Amino acid sequence: ADLARLAGLSAAEIERIRVGGILHDFGTVAIPDGILFKREPLTESEFAVMKSHPVIGFALLREVPALEPYLPFVLRHHERIDGSGYPDGLRGAELTLPVQLVSIADAFDAMTSSRPYRSVRDDLSAIQVLEEETTRGRWDPAVLSLLVAATTDRDEPGGPD
């Protein structure tokens, strides 16, 4: 939601992004724990199962009419503007700004949170990774700038928590 506020989006869109951010990984409920919490790198077949979670989440939630506004976040949060993401390899303008905001926040959170298969990165290290990926075309530079601003605000006294 902080990124959406910094982007100047409406209160309604900020709320949609906030809820979409909560629901985005819903499909992981169908991923076996042995894959989800594995400490070693995933095999190719395990990674294929893991990559199915956006489609599974979309399929589970699309039957609930009240959740329709949040479906793009569930289905598209692993798409990247260079087409390297999944499930559909969308590119550029095919990805809306709200989805890009949730996607980059998810990537940042994944790097700065504890995972069974790797150690936690600090905010600066995670930003450096995202900057390198932006240079290679994975992220929109304007979206990365919003994330940098949000993390800077978060680290300042009185900034968002």
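For the single chain, residues carry numbers from 1 onward in sequence order. Bear in mind the structure is a predicted one, so any value in this text is a computation, not a measurement.
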query = Is K38 paired with E46 through a side-chain N to carboxylate O contact shorter than 4.0 Å?
reply =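 Answer for the salt bridge query: yes.
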Contact between [X] and [Y] at the side-chain level, heavy atoms closer than 4.5 Å - yes or no?
X: V102; Y: V99; value: no
X: F108; Y: I127; value: yes
X: L75; Y: P87; value: yes

Side-chain donor-acceptor contacts of residues 25-35 below 3.5 Å, not counting sequence neighbours, with atom names and distances?
residue, atom, partner, partner atom, Å
D25, OD1, H53, NE2, 3.0
D25, OD1, H77, NE2, 2.9
T28, OG1, D25, O, 2.8

inquiry  = My understanding is that only residues two or more places apart in sequence, or in another chain, count here; which of them pass side-chain contact (heavy atoms from CB on, under 4.5 Å) with S113?
reply    =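 With sequence neighbours excluded, S113 shows a side-chain contact (heavy atoms from CB on, under 4.5 Å) to D109, R115, given in chain and number order.
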Kindly give the heavy-atom pair with the smallest separation between [X] and [Y], and that separation in Å.
X: L6; Y: A150; result: CD1-N, 3.6 Å
X: A105; Y: L3; result: CB-CD1, 4.0 Å
X: R16; Y: P72; result: NH1-CG, 4.3 Å
X: V74; Y: L61; result: CG2-CD1, 3.8 Å
X: E63; Y: A59; result: CG-O, 4.2 Å

Sequence neighbours excluded and cut-off under 3.5 Å, please list the side-chain donor-acceptor pairs for residues 141-149, or say none.
residue, atom, partner, partner atom, Å
S145, OG, P141, O, 3.1

ask   = Residues two or more places apart in sequence or in another chain: which of them pass salt bridge (charged side-chain N to carboxylate O under 4.0 Å, His left out) with R76?
value =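 By the salt bridge (charged side-chain N to carboxylate O under 4.0 Å, His left out) rule, R76 matches E79, D88.
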message = Quick one, R5 with L9, criterion side chain to side chain contact (heavy atoms under 4.5 Å, CB included). Give me CA distance, side-chain angles, the key distance, then yes/no.
response = CA-CA 6 Å; R5 268 190 287 285; L9 299 179; over 6 Å; no
Any chance you could measure [X], atom [atom1], to [Y], atom [atom2], to the nearest 0.5 Å?
X: Q128; Y: M111; atom1: CD; atom2: CE; result: 11.0 Å
X: R80; Y: I104; atom1: CZ; atom2: CD1; result: 8.5 Å
X: L90; Y: T96; atom1: CG; atom2: OG1; result: 10.0 Å
X: L67; Y: L60; atom1: CG; atom2: CG; result: 11.0 Å

inquiry  = Is there a side chain to side chain contact (heavy atoms under 4.5 Å, CB included) between L42 and M50? Walk through the geometry before answering.
reply    = CA-CA 9 Å; L42 298 177; M50 189 65 186; 4.1 Å; yes
ask   = Can you get from I22 to I14 by hopping between Ile, Leu, Val, Met, Phe, Trp and Tyr side chains that sit under 4.5 Å apart?
value =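 No; I14 is not reachable from I22 via cluster members.
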Hydrophobic cluster membership, V64 vs V55, 4.5 Å side-chain cutoff =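 Yes, same cluster.
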key: Residues in ring pair (Phe, Tyr, Trp, His ring centres under 6.0 Å) contact with F58, at least two apart in sequence or another chain   =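 Result, ring pair (Phe, Tyr, Trp, His ring centres under 6.0 Å) vs F58: none returned.
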Side chain to side chain donor-acceptor pair (under 3.5 Å) contacts in which one or both residues fall within residues 98-107, not counting sequence neighbours =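 Residue pairs passing side chain to side chain donor-acceptor pair (under 3.5 Å), neighbours aside: H24-D106.
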ask   = How far apart are the C-alpha atoms of I17 and F73, what are their side-chain angles, what is the distance that settles it, and do they pass the side chain to side chain contact (heavy atoms under 4.5 Å, CB included) test?
value = CA-CA 8 Å; I17 290 167; F73 303 105; 3.9 Å; yes
Is a donor on one side and an acceptor on the other found under 3.5 Å between the side chain of [X] and the backbone of [Y]?
X: E13; Y: S10; result: no
X: T134; Y: L130; result: yes
X: R91; Y: D82; result: yes

